[in-house]
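Data first, discussion second: the structure below is written as structure tokens.
Every heavy atom of this structure was used, including side-chain atoms; hydrogens, water molecules and symmetry mates were not. For clarity, every value in this text was computed on a predicted model and none was experimentally measured.
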Amino acid sequence: MATEIDSLREQNQRLNEDFRWYQMGNFSKYSSVQKVICKGEGGDRFENLAFDQSFLAPLITEYDKHLEELNGQLKYYQKQVGEMKLQLENVIKENERSELSRQKLHTQELLSQLEIANEKVVENEKLILEHQEKANRLQRRLTQAEERAASASQQLSVITVQRRKAASLMNLENI
């Protein structure tokens, strides 16, 4: 749009230049011309030509029509730019809403996964505690079994010693 507006401005400027050229070149031949020289900014000199109005009327009318067309086009394009800006703003807002919805959905999925992971952690902690208790019970039973085995071994040693003594005594009595 900006390039079209710039194009219209350039076209307007060219038409103004053509109009000045036409005034200076063609009308000076056929009409009585009054030249007025004015100084512009920076020392520029402008020649202001005043012509017989009867020669200028058709040209000015055409120039005015063309200016009206250009102004109409400019207004149309400005309106189009305004509408496009509104559409762009709506698209941006929709994209933001869509992105927020997507992020919200992703966050909900992550929270759901975190909940499941937390449940698994709790379940695993319970299993670990159960296994620790079972291991402790087995350790106590093993300790008790070792103590009974040690006690039985001592009793067996005592009995073995007593049998040997008894056997030795019997051997001595038999002699």
Side-chain angles (χ1 to χ4, degrees), residues 1-20 40-44 46 62-175:
M1 280 299 158
T3 57
E4 291 178 16
I5 293 172
D6 291 338
S7 174
L8 290 174
R9 285 187 181 137
E10 288 174 13
Q11 188 176 6
N12 187 19
Q13 186 177 3
R14 282 194 306 270
L15 287 172
N16 281 329
E17 290 171 5
D18 289 347
F19 178 67
R20 280 190 216 105
E41 294 181 24
D44 293 338
F46 298 99
E62 281 300 312
Y63 179 75
D64 286 342
K65 284 181 187 178
H66 189 67
L67 273 180
E68 285 178 29
E69 286 177 22
L70 292 177
N71 283 332
Q73 287 179 355
L74 180 63
K75 287 178 184 176
Y76 172 76
Y77 288 131
Q78 287 173 338
K79 181 180 176 184
Q80 292 293 323
V81 167
E83 290 174 2
M84 284 187 191
K85 283 182 182 179
L86 289 175
Q87 289 175 352
L88 179 63
E89 288 174 5
N90 289 337
V91 167
I92 289 171
K93 287 178 185 177
E94 184 63 32
N95 284 346
E96 288 172 351
R97 279 182 275 185
S98 176
E99 179 64 19
L100 287 174
S101 295
R102 189 191 65 75
Q103 287 178 355
K104 184 178 179 181
L105 181 61
H106 183 66
T107 301
Q108 288 172 344
E109 289 173 3
L110 290 176
L111 287 174
S112 175
Q113 291 173 0
L114 182 62
E115 233 176 81
I116 291 169
N118 282 339
E119 289 172 3
K120 287 182 180 181
V121 166
V122 168
E123 193 175 305
N124 287 339
E125 286 175 348
K126 286 180 183 178
L127 288 173
I128 289 171
L129 286 175
E130 288 174 9
H131 288 297
Q132 284 177 343
E133 288 175 6
K134 191 173 186 179
N136 288 340
R137 281 194 306 268
L138 289 173
Q139 184 66 40
R140 281 193 302 267
R141 288 174 72 189
L142 179 63
T143 304
Q144 290 171 352
E146 287 174 346
E147 288 174 356
R148 283 192 300 253
S151 174
S153 177
Q154 284 177 354
Q155 288 175 358
L156 182 60
S157 292
V158 169
I159 291 174
T160 304
V161 169
Q162 287 176 353
R163 274 191 182 173
R164 283 187 190 155
K165 281 184 185 179
S168 301
L169 283 177
M170 280 205 191
N171 280 340
L172 283 175
E173 282 179 14
N174 285 337
I175 313 188

Test side chain to side chain contact (heavy atoms under 4.5 Å, CB included) on Asn95 and Ile92 and set out the steps.
CA-CA 5 Å; Asn95 284 346; Ile92 289 171; 5.6 Å; no
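- Taking CZ of Arg102 as the start and OG1 of Thr107 as the end, the distance is 9.0 Å to the nearest 0.5 Å.
- One distance of note links CD of Gln162 with CD of Gln155; it measures 10.5 Å at 0.5 Å rounding.
- Taking a 6.0 Å sphere around CD of Glu115, one finds it holds 12 or fewer heavy atoms contributed by other residues, nucleotides or ligands.
- Under 3.5 Å, the side chains of Glu99 and Gln103 contain a donor-acceptor pair of N or O atoms.
- Here the side chain of Ser153 pairs no donor or acceptor atom with the backbone of Ala149 at under 3.5 angstrom.
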Can you list the steps and then say if Leu129 with Glu125 is a side chain to side chain contact (heavy atoms under 4.5 Å, CB included)?
CA-CA 6 Å; Leu129 286 175; Glu125 286 175 348; 5.6 Å; no
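- In this structure a side-chain-to-backbone donor-acceptor pair under 3.5 Å is missing from Ser7 to Thr3.
- Here the straight-line distance linking atom CG of Leu8 with atom CD of Gln73 works out to 5.5 Å at 0.5 Å rounding.
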Please step through salt bridge (Lys or Arg N to Asp or Glu O under 4.0 Å) for the pair Arg97 and Glu94, ending with a clear verdict.
CA-CA 5 Å; Arg97 279 182 275 185; Glu94 184 63 32; 3.5 Å; yes
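- In this structure, CZ in Arg137 is found 7.5 Å from NZ in Lys134, a value given to the nearest 0.5 Å.
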Go through the steps for Arg9 and Asp6 under the test side chain to side chain contact (heavy atoms under 4.5 Å, CB included), then give the verdict.
CA-CA 5 Å; Arg9 285 187 181 137; Asp6 291 338; 3.9 Å; yes
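- To the nearest 0.5 Å, atom CG of residue Asn12 and atom CD of residue Glu17 are 10.0 Å apart.
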Give the intermediate values and the outcome of side chain to side chain contact (heavy atoms under 4.5 Å, CB included) for residues Met84 and Leu88.
CA-CA 6 Å; Met84 284 187 191; Leu88 179 63; over 6 Å; no
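- How far NZ of Lys120 is from CG of Asn118: 11.5 Å, rounded to the nearest 0.5 Å.
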